[in-house]
Amino acid sequence: DVQLQASGGGLVQAGGSLRLSCAASGFTFNDNAIGWFRQAPGKEREGISSRSSSGGTPHYADSVKGRFTISSDNAKNTVYLEMNSLRPEDTAVYYCAAASSPGLELGYIYGPAEYDYWGQGTQVTVSS
């Protein structure tokens, strides 16, 4: 049974930082495609970052480019999202996602259909 456990969310002031983690059980990230999404109240789920493989080029939504960084640690079987210079508009539930194989380098963020597994979400709240 595959499970992705997202953690690291919380309440932070504008300008602050958080690092989200996504640990897997029953699944190994290895060289597979990974991504992060978020969903704010009343809004659709938004893809904010993805990477086709461990050596692939990371891609970011314009709204987070230059502030967020996606990474992975195969030894810990964990994916991360480092978030800096947080803004109130970053407030959302954040979800990690993983595919069961490496993805194609498309040059842009993957949509939800590219992923096989999802984490349960972790709340990030940024106060002004």
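Numbers for residues simply follow the sequence, beginning at 1. What's counted below: heavy atoms across the whole structure, side chains too, no hydrogens, waters or symmetry copies. Bear in mind that the values here come from a model prediction, so they are computed numbers and not experimental data.
With contacts defined as side-chain heavy-atom distances shorter than 4.5 Å, the pair Thr91/Val124 does not qualify. Proximity of Gln3 to Gln120: side-chain heavy atoms (C-beta onward) are nowhere separated by under 4.5 Å. Annotation: side chain of Phe29 is in contact with side chain of Ile34 (closest heavy-atom distance under 4.5 Å). Counting heavy atoms from C-beta on, the side chains of Leu86 and Leu18 come closer than 4.5 Å. With contacts defined as side-chain heavy-atom distances shorter than 4.5 Å, the pair Val79/Trp36 qualifies. Between Phe27 and Asp116 there is no side-chain heavy-atom pair separated by less than 4.5 Å. Using a 4.5 Å cut-off on side-chain heavy atoms (C-beta onward), Leu20 and Met83 make contact. Looking at Thr69 and Tyr80, their side chains never come closer than 4.5 Å, going by heavy atoms from C-beta outward.
For the residue pair Ser17 / Asn84, a side-chain donor-acceptor distance below 3.5 Å is found, with atom types taken as modelled. Between the side chains of Arg38 and Tyr94, at least one donor N or O sits under 3.5 Å from an acceptor N or O. Side-chain atoms of Glu46 and Ser63 form a donor-acceptor pair, as typed in the model, at a separation below 3.5 Å. Side chain to side chain, Ser72 and Arg51 meet the donor-acceptor criterion of an N or O pair below 3.5 Å. In this structure, a donor-acceptor pair under 3.5 Å is absent between the side chains of Asp73 and Thr78.
Tyr117 and Tyr115 have their aromatic ring centers separated by at least 6.0 angstrom.
Exactly one residue among Pro88, Ser127, Ser128 makes a side chain to side chain contact (heavy atoms under 4.5 Å, CB included) with Gln13. That residue is Ser127.
The closest donor-acceptor contact from the side chain of Arg19 to the backbone of Glu82 lies at 3.5 Å or more, if one exists at all. Panel note: side chain Ser50, backbone Tyr110; a donor-acceptor pair is recorded below 3.5 Å. Without hydrogens or angle criteria, Gln123 side chain to Gly9 main chain gives no donor-acceptor distance under 3.5 Å. In this structure a side-chain-to-backbone donor-acceptor pair under 3.5 Å is present from Asp31 to Ser54. Checked by atom type and distance alone, the side chain of Asn74 never pairs as donor or acceptor with a backbone atom of Asn77 at under 3.5 Å. With hydrogens and angles disregarded, a donor-acceptor distance shorter than 3.5 Å links the side chain of Ser49 to the backbone of His59.
Taking each heavy atom of Ala92 and Ala40 in turn, the nearest pair found is CB-N, 3.8 Å. Closest of all the heavy-atom pairs between Pro58 and Ile70 is CB-CG2, 3.6 Å. Contact record, Gly111 with Phe37: C-CZ, 3.9 Å, taken as the closest heavy-atom pair. Cys22 and Leu4 make their closest contact through SG-CB, 3.8 Å (heavy atoms, listed as atom of the first residue, atom of the second, distance). Of all heavy-atom pairs spanning Ala61 and Gly47, the tightest one is CB-O, 3.7 Å. In terms of heavy atoms, Ser52 sits closest to Glu105 at OG-OE1, 3.4 Å.
Because its NZ or CZ atom is both nearer than 6.0 Å to the ring centre of Trp118 and within 45° of the ring axis, Arg45 counts as a cation-pi partner of that residue.
Taken from CD1 in Ile109 to OH in Tyr60, the straight-line distance is 9.5 Å, to the nearest 0.5 Å. A distance of 11.0 Å separates OG1 in Thr122 from CG in Leu81, rounded to the nearest 0.5 Å.
Within a 6.0 Å sphere centred on CG of Leu106, heavy atoms belonging to other residues, nucleotides or ligands number more than 12.
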Verdict with supporting geometry, Lys65 and Asp62, salt bridge (Lys or Arg N to Asp or Glu O under 4.0 Å): CA-CA 5 Å; Lys65 198 172 294 183; Asp62 288 343; 3.2 Å; yes
